[in-house]
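Proteins come first, then strands; the chains are lettered A, B, ... in the order of their sequence lines, and each starts at number 1. Quick note: numbers below take in every heavy atom, side chains included, and nothing from hydrogens, waters or symmetry partners. Just so we're clear, the structure is a prediction, and the values are computed from it rather than from any experiment.
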There are 2 protein chains.
Amino acid sequence: MSPRISVDLSSAVPPYEQIRGQISSLIAIGVLAAGSRLPTVRSLAADLGIAAGTVARAYKELEQAGLIESRRRNGTIVVGHPAEPGSTAAAPGAEVIAAVDGLIRTARAAGVSDETIIDLLRGRLASKLEG
Amino acid sequence: MSPRISVDLSSAVPPYEQIRGQISSLIAIGVLAAGSRLPTVRSLAADLGIAAGTVARAYKELEQAGLIESRRRNGTIVVGHPAEPGSTAAAPGAEVIAAVDGLIRTARAAGVSDETIIDLLRGRLASKLEG
DNA sequence: ATCAATGTACTAAGTATTTGATACAAAGAT
DNA sequence: ATCTTTGTATCAAATACTTAGTACATTGAT
C-alpha cells in the first residue's frame, strides 16, 4: 500500500520532512484512517530509495505529535482523534479540508500568493497562541 | 516605527526567514499599506542586534516576491497589489484574514493541531497546482 | 526458548545553510 | 561635483542539519 508517498531529493525540503508532512496530511484528510497500518520503516525506505533512519525520523516526529503509534513488532498504526475514539469510518477532516480550500480560493482571488498564505497562517497561529 | 518586528534567535527558523515572514504577513494584513516605508536595512539590523546582510536578505526575497521595492537612496517601500494599483486606503486582505481565522477555528474544533493545519494547507496548495 | 521482524538509539560524515563583515554601486541632497 | 545615505554583491567562516549505516531493544510467533 504505502499510499502515494514520494520524495523529491532535489527539493529544498529535506526528505524526512516531506514524508512527515505527507503522512500528516493523509491522516488529517482521512485517507489514512485510525487503525491503518503504515508501511514499515524498512519497506518504505526501500521503496523511496533512502535509508531506514530517515523514515524512522519522520515516524518519530509523527508519534511525538500524537498522530501515529508504534507497536514494536506490529508496526506503526494511525491513532484516532483523541476526542472521538469510536468513529471509525467517517473522515474527520472534511470540514477542515473545505475550510482550507475556501481559504485558498479567497486568497487567490485577492491576489495573495501561495507563499504569503502560509506566512499569514503562521502569523495568525502565533498571535492566537499569545492573545 | 519598524512595527512589531522581532526575531527569536533560539528558534529553528533562521532570522532572515522570520523577518521575511513577518513583513509578508503585515503587508498581507494591510498594516503595512502600499507606499509605506520600511526601515533601512541598517536600522532594522541595529534594532534587532543582527547584521545588516541578514536583513538585506529578507528584503531581497520580499522584492523578488513582488511585495516591496527598493529605491536606492529612498529606502524600501511596500508595493500595492499588482491588480489594483489605485486602491490605497482599503486593506485588501480583510477577507483573507477572515478565511484564515475561520480555518483556524474549524481545524481546532476538529482537533487538528496547528502543525497539521500547515501541513494540510501545503498539501492542498501543491495538489491545486498540479490538478 | 528461540527466532524473526520491527522500531530505536547512536554516531560519524558529508552537505548545506546562515551569518556577518567588507567593499561596492546608485542616487539624491547640498 | 561631492558627500551621505541607502541597497547590493561577494566571500569566508561558523554553524547546523541531514543522512545513512550499524548495533541494540522489544515483542510476538513458533
Between CG of A:Leu9 and P of C:dT15 the distance, given in whole Å, is 14 Å
Classify B:Glu63 by what it touches in the nucleic acid, base, sugar-phosphate, or nothing, heavy-atom distance under 4.0 Å. sugar-phosphate
Rounded to whole Å, CG of A:Leu48 lies from C1' of D:dT19 at a distance of 14 Å
Classify the side chain of B:Arg73 versus the base of D:dT4 as yes if they form a donor-acceptor pair under 3.5 Å and no if they do not. yes
Side-chain atoms of A:Lys60 come closest, of C:dT19, D:dG7, C:dA9, to C:dA9
To the nearest angstrom, the CZ-P distance between A:Arg72 and C:dG7 comes to 9 Å
When rounded to whole Å, the CD to P distance for the pair B:Glu61 and D:dT8 reads 12 Å
Let me check something: do A:Ile77 and A:Val55 share a hydrophobic cluster, defined by ILVMFWY side-chain heavy atoms less than 4.5 Å apart, either directly or through other members? no
Interatomic distance, CG@B:Leu32 vs CD1@B:Ile68, rounded to 0.5 Å, equals 10.0 Å
Comparing nearest nucleotides in DNA chain C, the 5'-proximal residue of the pair B:Ile50, A:Arg71 is A:Arg71
Separation of D:dT26 atom C1' from A:Arg42 atom CZ, nearest Å, is 12 Å
*asked:* I want to check one thing: is the phosphate of C:dG7, taken as OP1 and OP2, less than 4.0 Å away from some side-chain N or O of A:Thr76?
replied: yes
With a 4.0 Å limit, can you tell me whether A:Thr40 has a side-chain N or O closer than that to the phosphate oxygens OP1/OP2 of C:dA5? no
Among the nucleotides D:dT18, D:dA20, D:dT26, whichever has the atom closest to the side chain of A:Pro14 is D:dT18
In whole angstroms, the gap separating P of C:dT6 from CD1 of A:Ile68 amounts to 15 Å
A:Glu17 atom CD is separated from C:dA16 atom P, nearest whole Å, by 18 Å
Quick test of your reading of the model: are A:Glu17 and A:Arg20 salt-bridged, counting only N-O distances below 4.0 Å? yes
Rounded to whole Å, the CG-P distance (A:Leu62 to C:dT8) equals 11 Å
Output for pair (B:Glu61 CD, B:Ile19 CD1), nearest 0.5 Å, gives 11.0 Å
Under 4.0 Å: is that the gap between some side-chain N or O of B:Arg57 and OP1 or OP2 of C:dT18? yes
Same apolar cluster (I L V M F W Y, side chains within < 4.5 Å links), B:Ile104/B:Leu120
yes
Residue pair A:Asn74/A:Tyr16 against DNA chain D: nearer the 5' end by closest nucleotide is A:Tyr16
### Task
Please check the phosphate of D:dT8 (OP1 and OP2 only) for any side-chain N or O of B:Ser70 closer than 4.0 Å.
yes
